[in-house]
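Working notes, structure below.
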Amino acid sequence: MTPDGKDGALASAPVLLRLQGIEKRFGGVHALRSVDFDLRAGEVHALLGENGAGKSTLMNVVSGVIAPDRGSVELDGRPVRFASPRDAQAAGIATIFQELDLVPGLDVAANLFLGREPARFPGLLRTRSMARDAERLLAEVGVPLDVGRRVASLGMGQRQLLAIAKALAHAPRVLVMDEPTAALSTTEARNLFDTMRRLCSRGVGIIYISHRLEEVPQVADRVTVMRDGRVVGEERPDAPQGRLVQMLAGRPLNELFPPRAGSAGEELLRLDHARYVPRASPAGWQVPEDVSLVVRAGEVVGLAGIVGAGRTELLTCLYGEGPRGRWRGTIRVQGRAAALRGVAEARRAGLAFVTDDRRGAGLMLRQTVARNVVASILRRLSPAGFMSRRREGEAVQRAIRAFDVRPPRGELVVGNLSGGNQQKVVFARELLHEPRLLLLDEPTRGVDVGAKSEIYARLRELTARGLGVLVASSELPELSGLCDRIHVLRAGRTVAEFAAGADEAELLAAATGESVLEVAR
Amino acid sequence: MTPSDNTEAATPGGVPAQAERPRRDILAVVVRFQSLIGLALVLAGGIAFSPVRRGTLLFLAPDNVANIIRAVSETGIIALGMTFVIITGGIDLSVGALLGLSSVLTATLLVNGGWGVLPTLAAVLAAGTLFGMAQGVISTRFRLEAFIVTLAGLQIARGLALVISHNQYINISYGEGAGLAPQAFAVLGTRLFGNVVPVATLVFLALAVIATVLLNTTRFGRYVFAVGGNERASRLSGIPVGQVRIAVYGLTGFMSAAAGIVHAGQFSFGSPNDGAGYELTAIAAVVIGGTSLFGGAGTMVGTIAGSIMLGALANILQLNNISAALQLLATGAIIVLAAVLQAIVGRRDGSGR
């Protein structure tokens, strides 16, 4: 998007929504401090902020979830006061929350009309007219979806688009989107941006909340940064990333990524034309077909690829957690041939794994930080089968300190920590086991910039001491900034290798199989 | 320290959401100790409404107290095992039927088989444990819901009991010679310490101590909590999830067999149809004790208190000649209350952020 051409037009567009002097306190926490914010018709206004900066609270005010203590909300120049999300919706403000309100077991049409199904007298659904209306609605939004498909069979990108279509059924003037791209691949995100632009051209104003700085110039017309409950400033979307990072973190971040180590040590993992042969391949599962790569001690090696390229599958199978089956081809771990059948064997070989599904597969959310961090070393903490309280306490303290988990209290329930701190707990748990090779899948998904840079720095400290890291990520800047080398996966095959600081357009081209020119369109 | 990238650290005093916390924490404490509080309330009610005979409260008379615990000893023993299963997020419906089968097996071996007491105990306990483990193996190997597998186990155990006993009571008479059980086994039906404390009560309390130690201080206990907290996270952390699951069902099998032996000892017969519905009483005790049916949280002390509370409640109602129907109503109300309290606190802990 070229902001230059649109600037004039947008500046004169009418203000749809204006917030002035919004204050909100939760007990002792001053969540919003005199916040001003406005949204014009036809613009995408990005709202950036770390976890806890107050952006979600502000959006909850906009969407009627909470009432502000002080300050005014104006819609089309008229002051409004929402008693509930329903009020806000009726007034033309639609919100798409991070956890999409879709029912996986129902089909697309049923989801679109959830809660307001057209029915005739005894309660029978008018399925045919529902399907027709659904098709019309989807076409309007430009979302090509089969209305009869079950939502469970849709990818995250399609679900996100469906959620938008659902929100648009109310013909809103203002659309609030909370981290819509958190689970999307680059291509899916691009589709989403296209849809957003189409909406803007029809006069809808969009408030766009995100962690991903690199998306801002692609999608936003204006950027507002929040920190500690305040608006710290407004920027043009083409402002340098470094400047935005500094505004977000409130401190000069010379570099988000720590310097690379330099020398690599012994070979920790070697795959030579390795492929995984499952007994039965689960649907939607891209088995590793032909993978060749090397990770040495002291190195961070990246795995790039679009969604469905088989990044997660490769890591999962390496960790022995894949569907039943076996590896073929050459696999060497620390120079020795390894079959990697099962988690126990992988762990004995010195592997550890941090999953991309932190809440689903990474943590015992309802248990304490302490219980979570020691889960990987219970055997070591219980020499004769009985837990040693002393060793356990020491291990917990060591882990919390090493990763700077905040607040540093082992007795807190993990589910109540911020995303960044939850991720630190997962890291701490895996590293207590003292692995040689760490497999990471989307290690900073849903993690704020501050925690991100801490995690990167900690990873580099560990590689300096001989750890090897294999990291899969859909965030190309992350791979390009963090890794010593990057392998590109496509349909389960390693198709290209790039050196440190690889060009993102070239990476993307290799991942999609398109030419660089097409990618840069 | 980087003070400003985290509002929690940056807030003066660093006390996030502190205002809301105290009230909620009181609730959390109530839930944590709900069964003990419930037990205290029931005991207080028992004392307040106890009939008085010859100047002493009947409810608190030593033999009455011992009786309360004796009455709950069988379901209590089962509830100990059930606590492990439920903390892993599973359920075991076969326990009552397994109690019946074990009582039949005990009587058959002692009376018809002419076995000694110790070989009989060992064989019955081993059989119960294996039966439970088999259910665990089937459920983990084929990824089946424990509900279905143990429902089938219930039928099979009951069927086996009927086959072995030819659908008849097997009376246990003591003495020397063929068709008579060794006198030593009769001790289970007696009372010790001045003829006050039933042996069955002592067996329950001893197993309760062992179960508490196993859950709270051993590696196995931690595995149980971890598996129930998040099975995939546990597996990724290197915890042998399958083995833990098989072990907890083996444990309920063991406890059911122990309860079956106590049953045979107390009543001097093995009966294939006994123990029906015990699984539900045991589950009720576990839930009242604060263990989450979703897995991952629970206490053994809670289960023990929950078991005794149900027994004390039944006792005080009986002492006052109040109908069994009212007992059921009261028990139901208590289960609902316990579950509601848990849900309120669980919502806070489970879905934060």
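Below, all heavy atoms of this structure are taken into account, side chains as well, without hydrogens, waters or symmetry copies. So you know, we letter chains A, B, ... as the sequences are listed, proteins then strands, and number each from 1.
What you find for E321(A) and L236(B) is that their closest heavy atoms are CG-CD2, 3.4 Å. Scanning both residues, S382(A) and R219(B), for their nearest heavy atoms gives OG-NE, 2.6 Å.
For E345(A), no part lies under 4.5 angstrom from a heavy atom of chain B. There is no contact between S56(A) and chain B, counting heavy-atom distances below 4.5 Å. For chain B, the nearby part of L363(A) is the backbone; its heavy atoms alone come within less than 4.5 Å. Heavy-atom distances place both the backbone and the side chain of F225(B) under 4.5 Å from chain A. Contacts of V374(A) with chain B are made by side-chain atoms alone, with heavy-atom separations under 4.5 Å and no backbone atom involved. Both the backbone and the side chain of A361(A) come within contact range of chain B, each with at least one heavy atom under 4.5 Å from a heavy atom of that chain. Contacts of P383(A) with chain B are made by backbone atoms alone, with heavy-atom separations under 4.5 Å and no side-chain atom involved. For I239(B), the part lying near chain A is the side chain, with the backbone staying farther off; criterion is any non-hydrogen pair under 4.5 Å.
The choice from S234(B), G221(B), A233(B) that makes the most heavy-atom pairs within less than 4.5 Å of chain A is A233(B). Interface summary for chain A: among S292(B), S237(B), A226(B), G238(B), the most heavy-atom pairs under 4.5 angstrom belong to S237(B). Ranked by heavy-atom pairs under 4.5 Å with chain B, the first of E392(A), E430(A), R348(A) is E392(A).
Separation of atoms CZ (R389(A)) and OG1 (T217(B)) is listed at 7.5 Å; rounding is to 0.5 Å. Atom CZ of R222(B) and atom CZ of F386(A) lie 13.0 Å apart (nearest 0.5 Å). With rounding to the nearest 0.5 Å, the separation of OH in Y223(B) from CZ in R379(A) is 4.5 Å.
The environment of R458(A) atom CZ is dense: over 12 non-hydrogen atoms of other residues, nucleotides or ligands sit within 6.0 angstrom. Counting heavy atoms of neighbouring residues, nucleotides and ligands inside a 6.0 Å radius, atom CZ of F403(A) exceeds 12 of them. Within 6.0 Å of atom CD in E145(B), 12 or fewer heavy atoms from other residues, nucleotides or ligands are found, so the atom counts as exposed in its surroundings.
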